[in-house]
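Below is one structure, written out as structure tokens; the observations come after it.
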Amino acid sequence: MDLDALKEIFEGFDIAAFLPQLDSLMGWVETLLRLCVMAGPLILLGFGLLYLLAPPKEANYSLGYRFWWSMASLDAWQFTHRLVGCVWTPLGLLLAIIMALICNGFRRMDPMDMVWTAAKCLGWELGLTLVACLAIDIVVVVVFDRYGYRRSEYED
């Protein structure tokens, strides 16, 4: 086979036809980033509302906010879930509003700026959630002893 025959075979071949359209690919990436950024706050808000409105009735190892002190007694379990609901609901709502505003600006960003902004948002979400959980655990440890009894200064 000579070179002219190869040119004739590949004359109508367009490699761009096999590549995805970049505008649709960028729309897909933007949608995926929006979902990733908004999932955390919405899950946090959902669980916060769940623990406020319908917390698990008794301590168990499958459902609920599990922490050594909170599982020691029914009083500690109920207190912890009320506290978790009171902390996670406003935190989830605040993060959802802030992240929605940030996601709204994704269309005006370059793709890599969009990815880095989403990564920063996810870092902030994770950090604030960890701080909230640590604060909840500290409050429970201060109010209850390890056997689930309220400390004397926090009794009803």
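When a residue number appears, it is its place in the shown sequence, counting from 1.
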Contacts of L33 meeting side-chain contact (heavy atoms from CB on, under 4.5 Å) (sequence neighbours excluded), chain-then-number -> V29, F106, M114, V115, A118
Pairs satisfying side chain to side chain donor-acceptor pair (under 3.5 Å), at least one member in residues 120-136, at least two apart
none
Assigning hydrophobic clusters by single linkage (Ile, Leu, Val, Met, Phe, Trp, Tyr; side-chain heavy-atom cutoff under 4.5 Å), is I102 placed with L128?
yes
Indicate every side-chain donor-acceptor pair of residues 35-44 with a distance under 3.5 Å to a residue at least two apart or in another chain.
none

Output yes when a side-chain donor or acceptor of T117 lies under 3.5 Å from a complementary backbone atom of D113, and no otherwise.
yes
Residue list, side chain to side chain donor-acceptor pair (under 3.5 Å) with Y51, at least two apart or on another chain
none
Side-chain heavy atoms under 4.5 Å apart, restricted to Ile/Leu/Val/Met/Phe/Trp/Tyr: what other residues fall into the cluster of V131, or is it alone?
none
Could you list who else is in M112's hydrophobic cluster, with ILVMFWY side chains joined at under 4.5 Å, directly or through other members?
W116
F67 atom CZ, over 12 foreign heavy atoms within 6.0 Å
yes
Mind checking the CD1-OG spacing from I136 to S70? Nearest 0.5 Å is all I need.
10.5 Å
Kindly state each residue pair satisfying salt bridge (Lys or Arg N to Asp or Glu O under 4.0 Å) with at least one member in residues 31-44, sequence neighbours excluded.
E30-R34
Any chance you could pull the hydrophobic cluster mates of L126, using side-chain heavy atoms under 4.5 angstrom and chaining through other members?
L130
Enumerate, atom names and distances included, each donor-acceptor pair closer than 3.5 Å involving a side-chain atom of residues 139-149, sequence neighbours excluded.
from: D145; atom 1: OD1; to: Y147; atom 2: N; distance (Å): 3.1
from: D145; atom 1: OD1; to: G148; atom 2: N; distance (Å): 3.0
from: D145; atom 1: OD1; to: Y149; atom 2: N; distance (Å): 2.8

Side-chain donor-acceptor contacts of residues 78-101 below 3.5 Å, not counting sequence neighbours, with atom names and distances?
from: T80; atom 1: OG1; to: A76; atom 2: O; distance (Å): 2.7
from: H81; atom 1: ND1; to: W77; atom 2: O; distance (Å): 2.9
from: H81; atom 1: NE2; to: Y65; atom 2: N; distance (Å): 2.9
from: T89; atom 1: OG1; to: G48; atom 2: O; distance (Å): 3.2
from: T89; atom 1: OG1; to: L49; atom 2: N; distance (Å): 3.3
from: T89; atom 1: OG1; to: G85; atom 2: O; distance (Å): 2.8

